[in-house]
Amino acid sequence: APRPLLRVADGIALIVGMVVGAGIFKAPSIVAGSVSSPQEFMLVWFAGGVASLCGALVYAELSGRFPETGGEYRFLSRAFGPGSAFVFAWARMTVIQTGAIAAVGFVFGDYAQQIVPLGPKGPAIYAALGVVALTALNLAGTPQSKNLQNAMSAALMIALTAIAIAGMLAPAPAAVAAPPVEGNLGLAMIFVLLTYGGWNEAAYIAGEVQDARRNMIRILIGGILAITILYLLVNFGYLRALGLAGVRESKAVAADAMRQATGAGAALTLAFVVCVAALTTMNAAILTGARTSYAFGRDFALFGRLGEWRSAGSTPANALLLQGALTLVLVLAASFTPDGFSAMVAYTAPVFWTFFLLCGAALFVFRARDGASAGFRAPLFPVVPLAFCAVCAYMLYSSIDYIRNPVFGPKFGDLVLAGIAIMVAGVPLYWLARKK
């Protein structure tokens, strides 16, 4: 059984390491293009921290009720039955996880392009190379190095702090009035909350925290507060160095901010740090995603080949190969759009928020059926879970409304519909799997 070895400081460090990834180096440009003023730009990043805190408190209670491995798969199965869990696992394999790997691949590509340009399709080429190399690494059974992950997390925090300080000290950019745009807060929040994503993994440490009933809320509040402050400082640095118009136009906003503040040499160094950070994030997502698909194959005979474990290298080889192939298809599809990262967010967001909303609703099911939890309880019930469900419902609406956005809609509408259609295809597959 897990032993309570984690202190409050350990838990906060884990949450920060889980959440802070490659998104903060890419998403701010898209957020800036969806708001009408610098004040609104900063406000949505603050709102993202508040929304993430509500969600983390809900997940802390859910994971306390069902601390076994499986996360959302187990929550949904116990609340709504095995059909919902099957569709979630199917969607995670074909849309959510593969789309997330492809999205981070394009962040890697955008920054690698700053170092060695490969032409107009350079970001997609780099993304594909990253997927192939890391899938091969996992197939070989090369274990992840905890020390490397920790070192990269530390390097990432140092780089973000340096960007924030450099941006604040940078000479003001040439006065370029940001052209007026019609604000779209829903679209902005899609990318803000994507950048805050990962706190749902943090809830799973509850069984290993000392005096969890008292300390989990300290860890969750402290961790998300630290991330919110960091994101606010970094985005203020971006604004100070580039202005709102400059942030909107940038393809690699952190590198451009550093170039404005300190020159090309520092920008290239930062681009290299972002590339390594993105590859580290991709590697973690490839590793965990394949193991989810492996468990899915073990549960359902229809996908039994995915549930085979290769002893050489001790790895779920079939699950890794399928995941890599699906991700490469997504990279190829997104390469024909103006921005691969935005395209993958369009593909994954409606499906992602559908299941987040269902997990929020699951807490009400458990409270009505089983009463209050004997362990950690989300405070201010039902206000906090209702706020989380309201955010999820709004984000689900906004991610589908992406289609009507004059900037993104005509380019990415097909991907929005494709993600939803693939998720829905899981329903007849479940009935087929039950028969099999």
Are any non-hydrogen side-chain atoms of [X] and [Y] less than 4.5 angstrom apart?
X      : Y      : result
Phe388 : Leu357 : no
Pro338 : Phe412 : yes
Arg248 : Ile30  : no
Met395 : Val391 : yes
Arg65  : Asp370 : yes
Val345 : Ser342 : no
Ile96  : Thr348 : no
Phe366 : Arg78  : yes

Pairwise distance [atom1]([X]) to [atom2]([Y]) - rounded to 0.5 angstrom:
X      : Y      : atom1 : atom2 : result
Leu415 : Phe336 : CG    : CZ    : 12.0 Å
Thr280 : Leu134 : OG1   : CG    : 8.5 Å
Met344 : Leu330 : CE    : CG    : 5.0 Å
Ile101 : Leu326 : CD1   : CG    : 9.5 Å
Ile163 : Ile158 : CD1   : CD1   : 12.0 Å
Trp353 : Leu358 : CH2   : CG    : 13.0 Å

Relative to each other, are the rings of [X] and [Y] parallel, tilted or perpendicular (30° and 60° limits)?
X      : Y      : answer
Phe75  : Tyr59  : perpendicular
Phe303 : Trp90  : tilted
Phe356 : Trp199 : tilted
Phe191 : Phe341 : tilted

Just by modelled atom types, is the [Y] backbone N or O under 3.5 Å from a matching donor or acceptor in the [X] side chain?
X      : Y      : value
Ser293 : Ala319 : no
Ser250 : Gly246 : no
Tyr111 : Ala254 : yes
Glu249 : Ala245 : no
Asn283 : Leu279 : no
Asp401 : Tyr397 : no
Arg240 : Ala170 : yes
Gln210 : Arg7   : no
Thr315 : Asn138 : yes

Heavy-atom closest contact ([X] atom, [Y] atom, distance):
X      : Y      : value
Ile24  : Thr195 : N-CG2, 3.5 Å
Leu230 : Thr161 : CD1-OG1, 4.3 Å
Tyr430 : Pro82  : OH-CG, 3.5 Å
Val253 : Ser29  : CB-OG, 3.5 Å
Phe376 : Leu57  : CE2-O, 3.6 Å
Ala32  : Val247 : CB-CG1, 3.6 Å

*Should Arg92 and Glu72 count as an ion pair when the cut-off is N to O under 4.0 Å?*
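No.
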*Less than 4.0 Å between a side-chain N and a carboxylate O, is that true for Asp339 and Lys251?*
yes
*Whether over 12 other heavy atoms sit under 6.0 Å from Arg298 CZ*: no
*Would one find more than 12 heavy atoms of other residues, nucleotides or ligands at under 6.0 Å from atom CZ of Phe236?*
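Not more than 12 within 6.0 Å, no.
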*Applying side chain to side chain contact (heavy atoms under 4.5 Å, CB included), run through Tyr196 and Trp45 and close with a yes or a no.*
CA-CA 9 Å; Tyr196 276 98; Trp45 287 101; 4.0 Å; yes
*Go through Gln97 and Ile286 one step at a time and tell me if the side chain to side chain contact (heavy atoms under 4.5 Å, CB included) criterion holds.*
CA-CA 8 Å; Gln97 195 77 357; Ile286 287 169; over 6 Å; no
*Taking the six-membered ring for Trp, are the ring centroids of Phe364 and Phe381 within less than 6.0 Å of each other?*
yes
*Verify whether the ring centers belonging to Tyr73 and Phe88 lie closer than 6.0 Å.*
no
*Please walk me through it: do Met93 and Leu306 pass side chain to side chain contact (heavy atoms under 4.5 Å, CB included)?*
CA-CA 11 Å; Met93 180 174 69; Leu306 296 177; 3.5 Å; yes
_Asp110 and Tyr126 side chains, donor-acceptor separation under 3.5 Å_ = no
*asked:* Is a donor from one side chain sitting under 3.5 angstrom from an acceptor on the other, for Gln114 and Arg259?
replied: yes
_Is there a side chain to side chain contact (heavy atoms under 4.5 Å, CB included) between Phe108 and Thr281? Walk through the geometry before answering._
CA-CA 10 Å; Phe108 165 63; Thr281 302; over 6 Å; no
*Starting from the C-alpha separation in whole Å, work towards a yes-or-no answer on ring-ring contact (aromatic ring centres under 6.0 Å, His included) for Phe46 and Tyr231.*
CA-CA 9 Å; Phe46 175 76; Tyr231 281 179; over 10 Å; no
*Would you check, one step at a time, whether the test side-chain hydrogen bond (donor to acceptor under 3.5 Å, both in side chains) holds for Ser34 with Asn184?*
CA-CA 5 Å; Ser34 304; Asn184 187 330; over 6 Å; no
